[in-house]
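Given the structure is predicted, the values throughout are model-derived calculations rather than measurements.
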Amino acid sequence: MMNRILTSALFAGAAAGLLTALLQLLFVQPVLLHAELYETGELVHFGGAAVSAHPDLPGFDVMRDGLSIIFTMLTYTGYALVMVALMSLAESKGHVVTARAGILWGLAGFVTFHLAPALTLAPEVPGVAAADVFDRQIWWTATVAAAGIAMWLIAFGGNLVSYAIAVALLLLPHLIGAPEPDSFTGPVPTEIGALFAARALGVGMAAWVLLGTFAGYFWQSEAQRTAAA
(Lines give C-alpha, C1' and ligand atoms only; values in the text may rest on other atoms or scores of the structure.)
Protein backbone atom coordinates (compact mmCIF):
# COMPACT_ATOMS: atom_id res chain seq x y z
CA MET A 1 0.00 0.00 0.00
CA MET A 2 2.80 2.42 0.87
CA ASN A 3 4.52 1.76 -2.46
CA ARG A 4 1.24 2.41 -4.24
CA ILE A 5 0.77 5.70 -2.41
CA LEU A 6 4.33 6.88 -3.07
CA THR A 7 4.34 5.86 -6.74
CA SER A 8 0.97 7.45 -7.47
CA ALA A 9 1.88 10.65 -5.64
CA LEU A 10 5.29 11.01 -7.31
CA PHE A 11 3.91 10.60 -10.82
CA ALA A 12 0.83 12.75 -10.19
CA GLY A 13 2.76 15.49 -8.41
CA ALA A 14 5.52 15.66 -11.01
CA ALA A 15 3.07 15.78 -13.94
CA ALA A 16 0.72 18.32 -12.35
CA GLY A 17 3.62 20.40 -11.02
CA LEU A 18 5.29 20.62 -14.41
CA LEU A 19 2.10 21.73 -16.16
CA THR A 20 1.31 24.16 -13.35
CA ALA A 21 4.77 25.69 -13.55
CA LEU A 22 4.32 26.26 -17.27
CA LEU A 23 0.92 27.89 -16.68
CA GLN A 24 2.47 30.12 -14.02
CA LEU A 25 5.30 31.17 -16.33
CA LEU A 26 2.81 31.96 -19.06
CA PHE A 27 0.06 33.72 -17.12
CA VAL A 28 1.20 34.67 -13.59
CA GLN A 29 4.88 35.55 -13.84
CA PRO A 30 4.45 38.38 -16.40
CA VAL A 31 2.03 40.09 -14.00
CA LEU A 32 4.51 39.74 -11.13
CA LEU A 33 7.36 41.10 -13.23
CA HIS A 34 5.16 44.03 -14.25
CA ALA A 35 4.29 44.76 -10.61
CA GLU A 36 7.97 44.67 -9.62
CA LEU A 37 8.66 47.55 -12.01
CA TYR A 38 6.36 49.71 -9.87
CA GLU A 39 7.71 48.28 -6.62
CA THR A 40 11.27 49.31 -7.54
CA GLY A 41 10.17 52.72 -8.81
CA GLU A 42 11.16 52.06 -12.41
CA LEU A 43 7.56 52.83 -13.35
CA VAL A 44 5.32 55.37 -11.60
CA HIS A 45 1.67 55.92 -12.40
CA PHE A 46 0.42 58.28 -9.67
CA GLY A 47 0.08 61.94 -10.53
CA GLY A 48 2.04 61.84 -13.77
CA ALA A 49 1.65 61.10 -17.43
CA ALA A 50 -0.09 57.94 -18.56
CA VAL A 51 2.09 54.83 -18.36
CA SER A 52 2.01 52.06 -20.93
CA ALA A 53 0.25 48.91 -19.76
CA HIS A 54 2.62 46.84 -21.91
CA PRO A 55 6.22 47.49 -20.81
CA ASP A 56 9.17 45.38 -21.90
CA LEU A 57 9.56 42.51 -19.42
CA PRO A 58 12.49 40.11 -18.86
CA GLY A 59 12.35 36.94 -20.92
CA PHE A 60 12.92 33.36 -19.82
CA ASP A 61 15.75 33.04 -17.32
CA VAL A 62 17.23 29.55 -17.11
CA MET A 63 18.27 29.76 -13.47
CA ARG A 64 15.26 31.65 -12.08
CA ASP A 65 12.58 29.94 -14.11
CA GLY A 66 14.24 26.52 -14.04
CA LEU A 67 14.33 26.59 -10.24
CA SER A 68 10.72 27.80 -10.22
CA ILE A 69 9.70 24.75 -12.27
CA ILE A 70 11.59 22.37 -9.98
CA PHE A 71 10.17 23.87 -6.78
CA THR A 72 6.64 23.84 -8.20
CA MET A 73 6.99 20.14 -9.05
CA LEU A 74 8.25 19.44 -5.52
CA THR A 75 5.42 21.44 -3.98
CA TYR A 76 2.73 19.61 -5.92
CA THR A 77 4.36 16.28 -5.17
CA GLY A 78 3.89 17.14 -1.50
CA TYR A 79 0.24 18.02 -2.16
CA ALA A 80 -0.12 14.75 -4.08
CA LEU A 81 1.17 12.73 -1.12
CA VAL A 82 -1.55 14.22 1.07
CA MET A 83 -4.24 13.74 -1.57
CA VAL A 84 -3.32 10.15 -2.39
CA ALA A 85 -3.16 9.24 1.30
CA LEU A 86 -6.69 10.62 1.70
CA MET A 87 -7.76 8.73 -1.42
CA SER A 88 -6.44 5.56 0.19
CA LEU A 89 -8.48 6.28 3.31
CA ALA A 90 -11.60 6.95 1.24
CA GLU A 91 -11.11 3.73 -0.74
CA SER A 92 -10.77 1.74 2.48
CA LYS A 93 -14.24 3.00 3.40
CA GLY A 94 -15.71 1.75 0.13
CA HIS A 95 -15.42 4.78 -2.13
CA VAL A 96 -14.19 4.27 -5.69
CA VAL A 97 -11.29 6.50 -6.79
CA THR A 98 -10.82 7.12 -10.52
CA ALA A 99 -9.43 9.88 -12.71
CA ARG A 100 -12.94 11.29 -13.12
CA ALA A 101 -13.54 11.26 -9.37
CA GLY A 102 -10.12 12.87 -9.03
CA ILE A 103 -11.50 16.02 -10.67
CA LEU A 104 -13.77 16.48 -7.64
CA TRP A 105 -10.85 15.77 -5.33
CA GLY A 106 -8.90 18.45 -7.16
CA LEU A 107 -11.71 21.00 -6.88
CA ALA A 108 -11.93 20.27 -3.15
CA GLY A 109 -8.19 20.87 -2.88
CA PHE A 110 -8.55 24.16 -4.75
CA VAL A 111 -11.29 25.34 -2.40
CA THR A 112 -9.21 24.28 0.60
CA PHE A 113 -5.85 25.79 -0.32
CA HIS A 114 -6.77 28.66 -2.65
CA LEU A 115 -10.39 29.81 -2.75
CA ALA A 116 -11.25 29.65 0.95
CA PRO A 117 -8.25 31.73 2.12
CA ALA A 118 -8.52 34.10 -0.87
CA LEU A 119 -12.08 35.04 0.07
CA THR A 120 -10.63 37.29 2.78
CA LEU A 121 -6.87 37.22 2.20
CA ALA A 122 -6.56 37.71 -1.54
CA PRO A 123 -3.38 36.93 -3.53
CA GLU A 124 -1.17 40.02 -3.46
CA VAL A 125 1.38 41.47 -5.85
CA PRO A 126 4.74 42.77 -4.53
CA GLY A 127 4.74 46.21 -2.97
CA VAL A 128 1.20 46.33 -1.57
CA ALA A 129 0.37 47.03 2.07
CA ALA A 130 0.00 43.90 4.20
CA ALA A 131 -0.32 42.87 7.84
CA ASP A 132 2.43 41.04 9.72
CA VAL A 133 3.43 37.94 7.76
CA PHE A 134 3.40 35.67 10.84
CA ASP A 135 -0.16 36.68 11.70
CA ARG A 136 -1.23 36.05 8.11
CA GLN A 137 0.43 32.64 8.11
CA ILE A 138 -1.43 31.63 11.26
CA TRP A 139 -4.76 32.77 9.81
CA TRP A 140 -4.06 31.07 6.47
CA THR A 141 -3.11 27.78 8.13
CA ALA A 142 -6.20 27.78 10.34
CA THR A 143 -8.42 28.62 7.35
CA VAL A 144 -6.93 25.82 5.24
CA ALA A 145 -7.38 23.33 8.09
CA ALA A 146 -11.00 24.38 8.60
CA ALA A 147 -11.76 24.27 4.87
CA GLY A 148 -10.09 20.87 4.48
CA ILE A 149 -12.19 19.36 7.26
CA ALA A 150 -15.28 20.99 5.77
CA MET A 151 -14.59 19.48 2.34
CA TRP A 152 -14.21 16.02 3.90
CA LEU A 153 -17.48 16.39 5.84
CA ILE A 154 -19.33 17.54 2.73
CA ALA A 155 -17.98 14.63 0.69
CA PHE A 156 -18.25 11.83 3.25
CA GLY A 157 -20.34 13.10 6.18
CA GLY A 158 -23.66 12.03 4.74
CA ASN A 159 -25.95 13.78 7.23
CA LEU A 160 -27.28 17.24 8.04
CA VAL A 161 -25.14 17.62 11.15
CA SER A 162 -21.97 17.09 9.11
CA TYR A 163 -23.11 19.59 6.51
CA ALA A 164 -23.95 22.16 9.18
CA ILE A 165 -20.52 21.76 10.78
CA ALA A 166 -18.90 22.09 7.35
CA VAL A 167 -20.73 25.36 6.65
CA ALA A 168 -19.72 26.70 10.07
CA LEU A 169 -16.07 25.78 9.46
CA LEU A 170 -16.10 27.51 6.08
CA LEU A 171 -17.63 30.69 7.49
CA LEU A 172 -15.80 30.99 10.82
CA PRO A 173 -12.36 32.22 9.59
CA HIS A 174 -14.00 34.94 7.51
CA LEU A 175 -16.29 36.03 10.34
CA ILE A 176 -13.19 36.37 12.52
CA GLY A 177 -11.37 38.11 9.66
CA ALA A 178 -7.84 37.98 8.34
CA PRO A 179 -5.12 40.31 9.67
CA GLU A 180 -5.23 43.64 7.85
CA PRO A 181 -2.67 46.45 7.45
CA ASP A 182 -3.09 49.66 9.42
CA SER A 183 -3.20 51.71 6.22
CA PHE A 184 -3.40 51.09 2.49
CA THR A 185 -0.29 52.03 0.53
CA GLY A 186 1.52 50.73 -2.49
CA PRO A 187 2.78 51.88 -5.86
CA VAL A 188 1.20 49.11 -7.97
CA PRO A 189 -1.90 49.98 -10.04
CA THR A 190 -5.07 48.28 -8.83
CA GLU A 191 -5.62 46.84 -12.31
CA ILE A 192 -2.43 44.80 -11.98
CA GLY A 193 -3.40 43.60 -8.50
CA ALA A 194 -6.82 42.50 -9.73
CA LEU A 195 -5.33 40.70 -12.73
CA PHE A 196 -2.82 38.92 -10.52
CA ALA A 197 -5.49 37.72 -8.09
CA ALA A 198 -7.68 36.47 -10.95
CA ARG A 199 -4.84 34.65 -12.69
CA ALA A 200 -3.47 33.19 -9.46
CA LEU A 201 -6.87 31.70 -8.66
CA GLY A 202 -7.45 30.54 -12.24
CA VAL A 203 -4.10 28.81 -12.49
CA GLY A 204 -4.62 27.41 -9.00
CA MET A 205 -7.90 25.82 -9.99
CA ALA A 206 -6.38 24.34 -13.14
CA ALA A 207 -3.45 23.01 -11.10
CA TRP A 208 -5.63 21.25 -8.56
CA VAL A 209 -7.91 19.76 -11.21
CA LEU A 210 -4.81 18.41 -12.95
CA LEU A 211 -3.44 17.08 -9.68
CA GLY A 212 -6.69 15.36 -8.75
CA THR A 213 -7.08 13.84 -12.21
CA PHE A 214 -3.50 12.53 -12.30
CA ALA A 215 -3.71 11.26 -8.71
CA GLY A 216 -6.93 9.38 -9.41
CA TYR A 217 -5.56 7.97 -12.65
CA PHE A 218 -2.28 6.74 -11.21
CA TRP A 219 -3.98 5.42 -8.07
CA GLN A 220 -6.34 3.34 -10.22
CA SER A 221 -3.54 2.28 -12.58
CA GLU A 222 -1.33 1.13 -9.71
CA ALA A 223 -4.22 -0.94 -8.34
CA GLN A 224 -4.72 -2.60 -11.72
CA ARG A 225 -1.02 -3.26 -12.12
CA THR A 226 -0.78 -4.78 -8.66
CA ALA A 227 -3.83 -6.98 -9.29
CA ALA A 228 -2.40 -8.16 -12.62
CA ALA A 229 0.91 -9.05 -10.99
Side-chain angles (χ1 to χ4, degrees), residues 8-9 12-13 15-17 19-21 23-24 27-28 31 72-91 93 95-125 135-180 193-219:
S8 301
L19 292 174
T20 299
L23 288 174
Q24 288 175 340
F27 293 107
V28 179
V31 185
T72 302
M73 293 175 69
L74 291 173
T75 298
Y76 277 87
T77 298
Y79 285 144
L81 284 168
V82 176
M83 179 178 287
V84 172
L86 292 174
M87 285 179 170
S88 173
L89 179 60
E91 188 177 78
K93 296 181 178 298
H95 299 280
V96 178
V97 177
T98 63
R100 180 176 292 182
I103 295 175
L104 296 178
W105 281 83
L107 289 173
F110 166 69
V111 171
T112 299
F113 286 93
H114 287 260
L115 186 60
L119 187 62
T120 299
L121 192 62
E124 299 170 344
V125 293
D135 293 339
R136 285 183 290 150
Q137 287 174 335
I138 291 176
W139 185 90
W140 184 90
T141 302
T143 302
V144 167
I149 295 171
M151 291 297 100
W152 185 270
L153 290 174
I154 291 172
F156 304 114
N159 56 69
L160 291 178
V161 173
S162 297
Y163 300 149
I165 294 174
V167 171
L169 287 172
L170 289 172
L171 289 176
L172 184 59
H174 307 289
L175 293 175
I176 295 173
E180 296 181 353
L195 179 60
F196 174 74
R199 289 197 172 180
L201 290 173
V203 170
M205 184 175 69
W208 277 97
V209 169
L210 287 169
L211 183 63
T213 302
F214 284 132
Y217 170 78
F218 286 116
W219 180 255

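Counting only heavy atoms from C-beta outward, the side chains of Leu89 and Trp152 approach each other to under 4.5 Å. Side-chain contact between Tyr79 and Trp208: present, with at least one pair of heavy atoms (C-beta onward) separated by less than 4.5 Å. Proximity of Leu115 to Met205: side-chain heavy atoms (C-beta onward) are nowhere separated by under 4.5 Å. Between Phe214 and Trp219, the closest side-chain pair of non-hydrogen atoms is not below 4.5 Å. Contact check for Tyr163 versus Leu153: no side-chain heavy atoms found under the 4.5 Å cut-off. Looking at Met151 and Leu170, their side chains come closer than 4.5 Å, going by heavy atoms from C-beta outward. Side chains of Leu169 and Ile165 form a contact here, defined as non-hydrogen atoms less than 4.5 Å apart. At a threshold of 4.5 Å between non-hydrogen side-chain atoms, the residues Pro173 and Thr120 do not count as touching.
The structure places OG1 of Thr77 at 8.5 Å from CG of Leu211, a figure rounded to the nearest 0.5 Å. Note that the OH atom of Tyr76 and the CG atom of Leu81 stand 14.5 Å from one another [nearest 0.5 Å]. The NZ atom of Lys93 lies 11.0 Å from the OG atom of Ser88; values are rounded to the nearest 0.5 Å. Taken from CG in Leu210 to CD1 in Ile103, the straight-line distance is 9.5 Å, to the nearest 0.5 Å.
Scanning both residues, Thr112 and Ala116, for their nearest heavy atoms gives O-CB, 4.2 Å. Contact detail for Ala206 and Leu23: the closest heavy-atom pair is CB-CD1, 4.1 Å. Nearest approach of Ala90 to Phe156, heavy atoms of both residues: CB-CZ, 3.8 Å. Between Gln24 and Val203, the closest heavy-atom pair is CG-CG1, 3.8 Å. Contact between Val96 and Ala101 at its shortest, heavy atoms only, is O-CB, 4.1 Å. Taking all atoms of both residues into account, the shortest heavy-atom contact from Gly102 to Met87 is CA-CE, 4.3 Å.
Thr213 places a side-chain N or O within 3.5 Å of a backbone atom of Val209 that can act as its donor or acceptor partner. Under a 3.5 Å cut-off, the side chain of Thr143 and the backbone N or O of Trp139 do form a donor-acceptor pair. Arg199 contributes a side-chain N or O that, together with a main-chain N or O of Phe27, makes up a donor-acceptor pair within less than 3.5 Å.
Summarising the local packing, CG of Leu175 is surrounded by more than 12 heavy atoms from other residues, nucleotides or ligands at distances under 6.0 Å.
Contact check on Arg136 versus Glu180 returns no salt bridge, with no Lys/Arg side-chain nitrogen under 4.0 Å from an Asp/Glu carboxylate oxygen.
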>> If you apply the rule ring pair (Phe, Tyr, Trp, His ring centres under 6.0 Å), what do you find for Trp105 with His95, and how did you get there?
In response: CA-CA 12 Å; Trp105 281 83; His95 299 280; 8.8 Å; no

